[in-house]
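A short write-up of the structure that comes next.
Note that this is a predicted model, so its numbers are computed, not measured. The chains referred to below are lettered A, B, ... by the order of the sequence lines, with proteins before strands, and numbering in each begins at 1.
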Number of protein chains: 4
Amino acid sequence: MRSKNDPRSRRRSPTFIEEARRRQIVASAITTIAGSGLAQSSLARIADEVGISKSVISYHFAGKDELIAEVITSLLSESNRVIKSWVDRAPDPTAKLRAYIEGSFAFMIEHRANFVALVDIWGSFGTVEAKRAFNAAAYEPCRRHIESILRKGQDTGEFRQFDRRTLSAVIQGAIDGVMLQWVFEERAVDLADCMAELISMVTMATRTFE
Amino acid sequence: MRSKNDPRSRRRSPTFIEEARRRQIVASAITTIAGSGLAQSSLARIADEVGISKSVISYHFAGKDELIAEVITSLLSESNRVIKSWVDRAPDPTAKLRAYIEGSFAFMIEHRANFVALVDIWGSFGTVEAKRAFNAAAYEPCRRHIESILRKGQDTGEFRQFDRRTLSAVIQGAIDGVMLQWVFEERAVDLADCMAELISMVTMATRTFE
Amino acid sequence: MRSKNDPRSRRRSPTFIEEARRRQIVASAITTIAGSGLAQSSLARIADEVGISKSVISYHFAGKDELIAEVITSLLSESNRVIKSWVDRAPDPTAKLRAYIEGSFAFMIEHRANFVALVDIWGSFGTVEAKRAFNAAAYEPCRRHIESILRKGQDTGEFRQFDRRTLSAVIQGAIDGVMLQWVFEERAVDLADCMAELISMVTMATRTFE
Amino acid sequence: MRSKNDPRSRRRSPTFIEEARRRQIVASAITTIAGSGLAQSSLARIADEVGISKSVISYHFAGKDELIAEVITSLLSESNRVIKSWVDRAPDPTAKLRAYIEGSFAFMIEHRANFVALVDIWGSFGTVEAKRAFNAAAYEPCRRHIESILRKGQDTGEFRQFDRRTLSAVIQGAIDGVMLQWVFEERAVDLADCMAELISMVTMATRTFE
DNA sequence: CATGAATGAGCCTTCATTCAT
DNA sequence: CATGAATGAAGGCTCATTCAT
């Protein structure tokens with residue numbers, strides 16, 4: 001019975017301390033998953049990492065699924081926020097497109113564990129629905145973001161005409177694909193070089209030919 | 001206790017029937033993983049899929065790890081083989097580079113389940129060593145393959161000078177990144193369009209400017 | 001993953017209730033082993049005997065090995081404690097030696113199940129190391145105890161000169177060997193008679209000849 | 001259906017080759033059990049030791065139980081045969097009693113593996129019936145043998161009057177108990193010294209006082 | 001006679017979850 | 001808010017045994 005004592009059903013806004021606990025647990029979950037893999041990250045281990053009892057997690061989250069869901073949300077939103085701030089600071093579409101890529105790589109470098117965890121988690125969706133939901137939450141917004149930049153560029157005439165959706169998918173794909181190789185072996189790829197190369201390719205792909 | 005009584009340790013070449021069983025089990029494992037996720041693919045479920053007893057898997061494989069390892073090998077080698085055949089049939093570096101991309105996408109389309117399974121599996125490496133090993137088995141050979149094509153192109157003067165390793169990583173990354181989006185939601189991206197766009201970008205990125 | 005969430009790794013002294021559970025489980029394990037043999041004493045059966053879920057054992061013990069180890073410790077220490085108390089109450093070496101034997105047999109009679117279980121367990125050490133460890137834990141202390149009594153007797157001149165280590169091994173061996181026959185068939189030997197005979201033999205073997 | 005093709009139900013006396021196989025398997029079982037413990041001695045392992053297929057054992061023995069039963073029989077009969085030959089060669093009761101002990105220890109030293117295996121197996125009888133059967137097969141004959149020697153000695157007046165059954169149990173017990181310590185740790189006891197001490201004790205216990 | 005193949009029962013263990021305190 | 005205790009479901013694995021060849 002969900003009562004006043006169950007934080008998961010409270011009408012009141014969550015206590016400050018409650019929010020803090022949730023964030024603390026989510027953060028520890030990310031660390032644990034990045035360090036040992038999702039399969040090895042039992043609630044007990046995550047709780048250990050925080051130094052709390054296993055039951056505390058059950059108290060603050062409806063279950064493991066909810067915790068992982070919040071981990072994903074945290075992973076994605078943090079990244080999106082940073083990238084958006086890079087893009088917003090750029091003056092024009094050309095710069096914004098460049099900023100999108102730069103922001104993406106910059107965030108990667110600063111938060112390696114996030115991506116190691118993400119790669120582990122994103123493979124764990126058993127059902128088609130879960131996969132679809134992840135696409136809707138993770139990829140669709142990213143592609144839309146890139147598309148909006150591309151549209152502006154086409155509107156201003158900086159970019160030539162091309163299918164925005166397709167190019168968005170390829171750009172985002174290249175970023176993710178390079179990230180993936182870097183997750184598996186940090187020294188396998190040089191992120192800075194790849195970023196520069198990708199920017200160069202994208203620049204050529206979008207510019208108007210004279 | 002690998003011995004005469006253990007089919008997994010035979011010195012001589014495996015029986016025909018045994019090889020068939022192993023392939024059958026691996027194939028079923030791929031289907032199951034693609035359909036329900038690695039975490040839900042217990043040996044019992046995989047065995048059910050084949051219509052055999054759970055023990056049969058234990059009889060032919062040392063354990064789940066060995067089975068999954070063989071699944072990975074199967075997934076990667078089949079893909080590499082097909083791509084290689086596309087590349088080998090192409091007459092010159094420019095065509096080969098194009099063929100690498102075309103072959104990659106063609107294989108994807110023909111074997112969606114393989115990639116759905118692969119994305120699930122590749123996130124399941126808990127340790128740094130396992131991740132590193134996957135990189136060595138999966139990515140390094142691909143990048144090397146692309147690099148060798150690029151080198152030939154530079155040697156013949158068809159391609160301009162650029163860092164081959166970096167470009168290889170970006171090309172392979174773009175292929176994988178697009179594939180990833182398609183794995184999560186089949187209709188989110190149009191593989192044919194993405195392939196064409198990627199080929200166009202790569203063509204521009206490699207060609208000599210006059 | 002021994003941690004805060006694992007009762008088996010607590011830094012502080014174990015809860016009263018926890019200690020009680022452990023003792024209860026150990027006691028049940030002894031009963032089960034004595035009744036059905038070690039090989040038939042699965043955790044499930046032992047748990048049934050206590051009337052608890054199988055998982056409770058896993059919760060309180062790291063595994064079956066730890067449980068069996070504690071069973072052994074319990075078996076040996078209880079016996080040693082009782083024998084020691086008999087010996088300590090005896091006034092002189094001659095009486096002490098007699099008390100050692102009497103205490104041993106008295107404890108046997110009172111705790112038949114312990115010895116039935118012990119005989120089953122002591123054969124279960126597969127490796128040389130495990131056997132050696134059992135010797136160190138079970139036999140060496142007993143022989144040492146007897147040796148110390150013998151030494152005192154020699155010091156006081158009550159006993160003649162002989163090799164203490166050898167006689168200790170033979171005395172302990174005779175006690176165990178008679179116990180063994182009694183474990184296999186309770187009515188095959190009369191413990192009281194055997195005890196008397198053994199005491200008589202030992203008395204003759206140690207006494208000074210005039 | 002037990003037919004002519006089933007060696008376990010054949011009326012004809014077993015083939016020579018069949019007997020050889022059985023003995024070979026039994027011998028390997030002893031080695032395996034002595035080396036790794038009964039629990040680790042699966043039919044597969046034993047078969048490996050012989051270099052045959054697991055099914056061969058099933059073919060020659062009704063099951064694992066029958067194999068172990070034959071192992072026990074082999075272990076006991078071999079020992080008894082040797083001891084008997086020592087005793088038979090001795091001229092009088094005093095010498096025979098001494099020979100019984102000497103033969104026992106001599107056989108131990110020559111066949112350590114047999115006893116390591118025996119100690120492992122004798123603990124594996126789960127039911128009271130099995131224990132009782134082992135007593136009847138293993139101990140009762142030994143005690144009877146000693147008793148018969150003792151009786152002869154009393155008849156001839158070499159030995160004083162005492163309860164033969166009790167002394168038999170103690171003598172056999174001492175032999176087994178020393179053996180037990182030696183099984184767990186070969187260097188814990190000196191068999192020769194123990195044998196000498198035991199002979200001395202038994203001599204004193206039986207001789208007529210003047 | 002021998003063997004490869006298959007099977008099902010049972011075992012130990014892990015883990016998310018529930019509940020009383 | 002937090003925790004210790006308990007639970008049941010599920011998983012991977014071992015093994016004696018059966019059967020067709």
Side-chain angles (χ1 to χ4, degrees), chain A residues 1 5-7 15 17-18 21 39-47 52-67, chain B residues 1 4-7 10 14-18 20-21 39-47 52-67, chain C residues 1 4-7 10 14-15 17-18 20-21 39-47 52-67, chain D residues 5-7 15 17-18 21 39-47 52-67:
Chain A
M1 64 185 133
N5 280 319
D6 189 331
T15 315
I17 192 169
E18 218 173 273
R21 259 279 192 258
Q40 304 304 323
S41 298
S42 64
L43 290 189
R45 261 184 97 143
I46 295 172
I52 59 177
S53 164
K54 204 170 49 166
S55 315
V56 180
I57 298 182
S58 293
Y59 181 74
H60 287 283
F61 294 89
K64 194 180 191 183
D65 287 353
E66 190 183 290
L67 170 58
Chain B
M1 162 213 14
K4 217 187 150 206
N5 281 299
D6 189 331
R10 211 187 318 276
T15 316
F16 169 76
I17 189 169
E18 194 191 315
R21 260 278 189 263
Q40 305 303 323
S41 298
S42 62
L43 291 188
R45 267 182 94 143
I46 296 172
I52 57 176
S53 163
K54 199 171 52 167
S55 320
V56 180
I57 299 182
S58 292
Y59 180 71
H60 288 284
F61 294 88
K64 197 182 190 182
D65 286 354
E66 189 181 289
L67 171 57
Chain C
M1 168 210 12
K4 219 187 148 209
N5 281 298
D6 190 330
R10 212 184 320 272
T15 316
I17 189 170
E18 195 191 315
R21 259 277 190 263
Q40 304 304 321
S41 299
S42 62
L43 292 188
R45 265 183 95 143
I46 296 171
I52 57 176
S53 162
K54 200 172 50 169
S55 320
V56 180
I57 299 182
S58 291
Y59 180 70
H60 289 283
F61 294 88
K64 196 181 190 182
D65 287 353
E66 189 182 290
L67 171 58
Chain D
N5 279 319
D6 188 333
T15 316
I17 192 170
E18 216 173 274
R21 260 278 192 259
Q40 304 304 321
S41 299
S42 63
L43 292 187
R45 262 184 96 143
I46 295 171
I52 58 176
S53 163
K54 203 170 50 166
S55 315
V56 180
I57 299 182
S58 293
Y59 182 75
H60 287 283
F61 294 88
K64 194 179 190 182
D65 287 353
E66 190 182 291
L67 170 58

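In this structure, C:Asn5 and A:Ala47 approach most closely via the heavy-atom pair ND2-CB, 3.4 Å. Contact detail for C:Glu66 and C:His60: the closest heavy-atom pair is OE2-O, 4.1 Å. The shortest non-hydrogen separation linking D:Leu43 to D:Ile57 is O-CD1, 3.7 Å.
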So which protein N/O to nucleotides 7-11 of chain F N/O distances come out below 3.5 Å?
{"residue": "F:dT7", "atom": "OP2", "partner": "C:Ser53", "partner atom": "N", "Å": "3.2"}
{"residue": "F:dG8", "atom": "N7", "partner": "C:Ser55", "partner atom": "OG", "Å": "2.6"}
{"residue": "F:dG8", "atom": "O6", "partner": "C:Ser55", "partner atom": "OG", "Å": "2.5"}
{"residue": "F:dG11", "atom": "OP1", "partner": "B:Ser42", "partner atom": "OG", "Å": "3.3"}

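Following rounding to the nearest Å, C:Asn5 (CG) and F:dA2 (C1') show an atom-to-atom distance of 12 Å. Spacing between atom CD1 of A:Ile57 and atom P of F:dG4 amounts to 13 Å, rounded to whole angstrom units. Counting to the nearest Å, the C1' atom of F:dA16 and the CD1 atom of D:Ile46 are 11 Å from each other. What separates CG of C:Asp6 from P of F:dT3 is a distance of 15 Å, to the nearest Å. One can place CZ of A:Phe61 at 14 Å from P of F:dC1, the figure rounded to the nearest angstrom. The nearest whole Å value for the distance from the CG atom in A:Asp65 to the C1' atom in E:dC15 is 13 Å. What separates CD of B:Glu18 from P of E:dT3 is a distance of 16 Å, to the nearest Å.
In secondary-structure terms, DNA chain F builds stems of at least 3 consecutive Watson-Crick or G-U pairs, each pair having both distances under 3.5 Å, at E:2-21 with F:2-21.
One distance of note links OH of D:Tyr59 with CZ of D:Arg21; it measures 11.0 Å at 0.5 Å rounding.
For the side chain to side chain contact (heavy atoms under 4.5 Å, CB included) test, residues two or more places apart in sequence or in another chain that qualify with D:Ser55 are D:Ser53. By the side chain to side chain contact (heavy atoms under 4.5 Å, CB included) test, B:Ala44 is found to be paired with B:Ser42, B:Lys54, residues two or more places apart in sequence or in another chain being considered.
Not one side-chain nitrogen or oxygen of C:His60 sits closer than 4.0 Å to the OP1 or OP2 atom of F:dG4.
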